[in-house]
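Side chains are part of it too, since the values below use all heavy atoms of this structure and drop only hydrogens, waters and symmetry mates.
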Amino acid sequence: MSWPGRRRAARTLAWIGSRGRARALILGYHRIGPEGFDPHELSLPEAVFERHLAVLGRLARPVRLSNLVSDVRSGRIPERAFALTFDDGYAHTLSLVEPLLKRHGIPATVFVPTGLLGAEPWWDRLARLMSTSKELPSELVLPLADGGERRRPVEADERRPSRDGGSRIDLTNEIYRAMLRLPDQIRVTALNDIETRIGVTGHEHQVRVVSESELVALDRSDVFDVGSHSVSHPVLTELPREARHEELVESRQELEDLLRHPVDLFSYPNGGRDRETDDLVQRAGYRAACMSRPGVATARSDPFSLPRFWPGSDPEEVDLVIRRWL
């Protein structure tokens with residue numbers, strides 16, 4: 001059950017509990033790039049991200065996540081340490097983010113869903129369809145997990161994009177939530193139906209995950225390490241135990257076959273984790289895993305549920321996080 005102020009209270013309790021112990025920040029990002037239709041709030045402007053890097057370089061000490069994991073396990077965390085992570089392995093990470101990291105001397109770990117290499121993730125396809133349509137139909141059909149469907153009327157203020165994109169963003173997120181826990185094939189069919197109803201044609205997708213060759217190049221870079229983000233980017237806690245095990249083992253094996261070295265770091269897709277999933281991650285041979293809940297890493301942290309902060313578009317946010325938590 002949720003209650004007002006729950007997230008703020010959780011952060012406050014985490015902060016109180018971390019005082020007096022060595023602490024480190026793990027920061028999470030998805031995409032860095034130009035501003036635009038971003039209903040899932042995955043993208044951060046390049047100028048803001050570079051501001052984050054400048055502040056981090058001035059006020060804290062960059063470490064590789066793999067090294068920080070060893071520090072957490074040993075209880076010897078360097079003073080004012082931080083590690084950067086990127087989820088989903090977007091292609092721009094190699095072309096745009098790498099030069100910025102090199103300029104500031106900051107390494108990062110990129111978590112890649114192996115089943116999406118070279119592909120446009122389904123949530124980005126949804127955002128693209130909703131953003132490129134000048135006028136939506138009067139009704140959309142949303143799939144249900146049991147194979148049925150729900151007809152969703154499209155209100156007048158949703159049919160055409162507004163200046164702030166508010167109504168269209170809300171509708172996109174409603175569709176996203178309806179599709180999040182669906183089997184892949186049902187979701188693909190639903191997206192195809194939406195594309196047909198919207199009538200969007202001739203638009204090449206601009207957002208995709210790295211290809212195999214790009215992943216190899218990313219791994220060879222001196223600023224990047226590669227971790228697993230599952231195969232198909234599901235909500236792991238919604239899958240049967242055996243299916244979860246397969247997602248964890250197969251993604252790691254695919255990365256190791258391609259990169260020809262061990263891969264032992266994991267990030268929970270969609271933030272979906274519980275104790276059983278943590279145990280499965282450990283059994284699959286990983287050394288540590290990052291979750292989405294905010295907090296600092298300390299010597300008491302469970303290596304299989306390392307907390308992360310997700311900085312927003314406020315250029316001053318990282319400064320505030322460092323001063324409060326480190």
Q | Pair H40-T172, side chain to side chain contact (heavy atoms under 4.5 Å, CB included): steps then yes or no | A | CA-CA 9 Å; H40 314 309; T172 303; 4.3 Å; yes
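- For the atom pair CZ of R275 and CG of D279, the computed distance is 11.5 Å after rounding to the nearest 0.5 Å.
- Within the 4.5 Å cutoff, no side-chain heavy atoms of W310 are placed close to those of L44.
- Looking at H30 and E41, their side chains never come closer than 4.5 Å, going by heavy atoms from C-beta outward.
- Of the possible donor and acceptor atoms, one in the side chain of E247 sits under 3.5 Å from a partner among the backbone N and O of S232.
- Annotation: the span from R125 atom CZ to I194 atom CD1 amounts to 9.0 Å, rounded to 0.5 Å.
- A salt bridge links E98 with K102: the closest approach of a Lys/Arg side-chain nitrogen to an acidic carboxylate oxygen falls below 4.0 angstrom.
- Contact check on R128 versus D124 returns no salt bridge, with no Lys/Arg side-chain nitrogen under 4.0 Å from an Asp/Glu carboxylate oxygen.
- Between R152 and E158 there is a salt bridge, since a side-chain N of the basic residue sits under 4.0 Å from a carboxylate O of the acidic one.
- Within the 4.5 Å cutoff, the side chain of R151 has no heavy atoms near those of the L142 side chain.
- Applying the side-chain contact (heavy atoms from CB on, under 4.5 Å) test to D219 and every residue at least two apart in sequence or in another chain returns V226, L259, H261.
- Between F49 and F86, the ring-plane angle classifies as perpendicular under the 30° and 60° cut-offs.
- Within the structure, ring pair (Phe, Tyr, Trp, His ring centres under 6.0 Å) pairs that include any residue of residues 274-298 comprise F266-Y286 (at least two apart or interchain).
- With 3.5 Å as the limit, one finds a donor-acceptor pair spanning the side chains of S167 and D157.
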Below 3.5 Å, can you tabulate the donor-acceptor pairs from side chains in residues 56-64 to any protein atom, sequence neighbours excluded?
residue	atom	partner	partner atom	Å
R64	NH1	D225	OD1	3.3
R64	NH1	D225	OD2	3.1
R64	NH2	D222	O	2.3

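- The CG atom of L258 sits 5.0 Å away from atom CD of E212, with the distance rounded to the nearest 0.5 Å.
- Aromatic pair H233/W122: centroids not less than 6.0 angstrom apart.
- Looking at heavy atoms from C-beta onward, M179 lies in side-chain contact with L191 at the 4.5 angstrom threshold.
- Between the OH atom in Y29 and the CG atom in D88 there is a gap of 15.5 Å [rounded to 0.5 Å].
- At least one side-chain heavy atom of V296 sits under 4.5 Å from a side-chain heavy atom of T298.
- By the 6.0 Å contact criterion, CZ on R103 is enclosed, its count of non-hydrogen atoms from other residues, nucleotides or ligands being greater than 12.
- By the 30° and 60° cut-offs, the orientation of the rings of Y90 relative to H92 is tilted.
- A donor-acceptor contact closer than 3.5 angstrom is absent between the side chains of H52 and E317.
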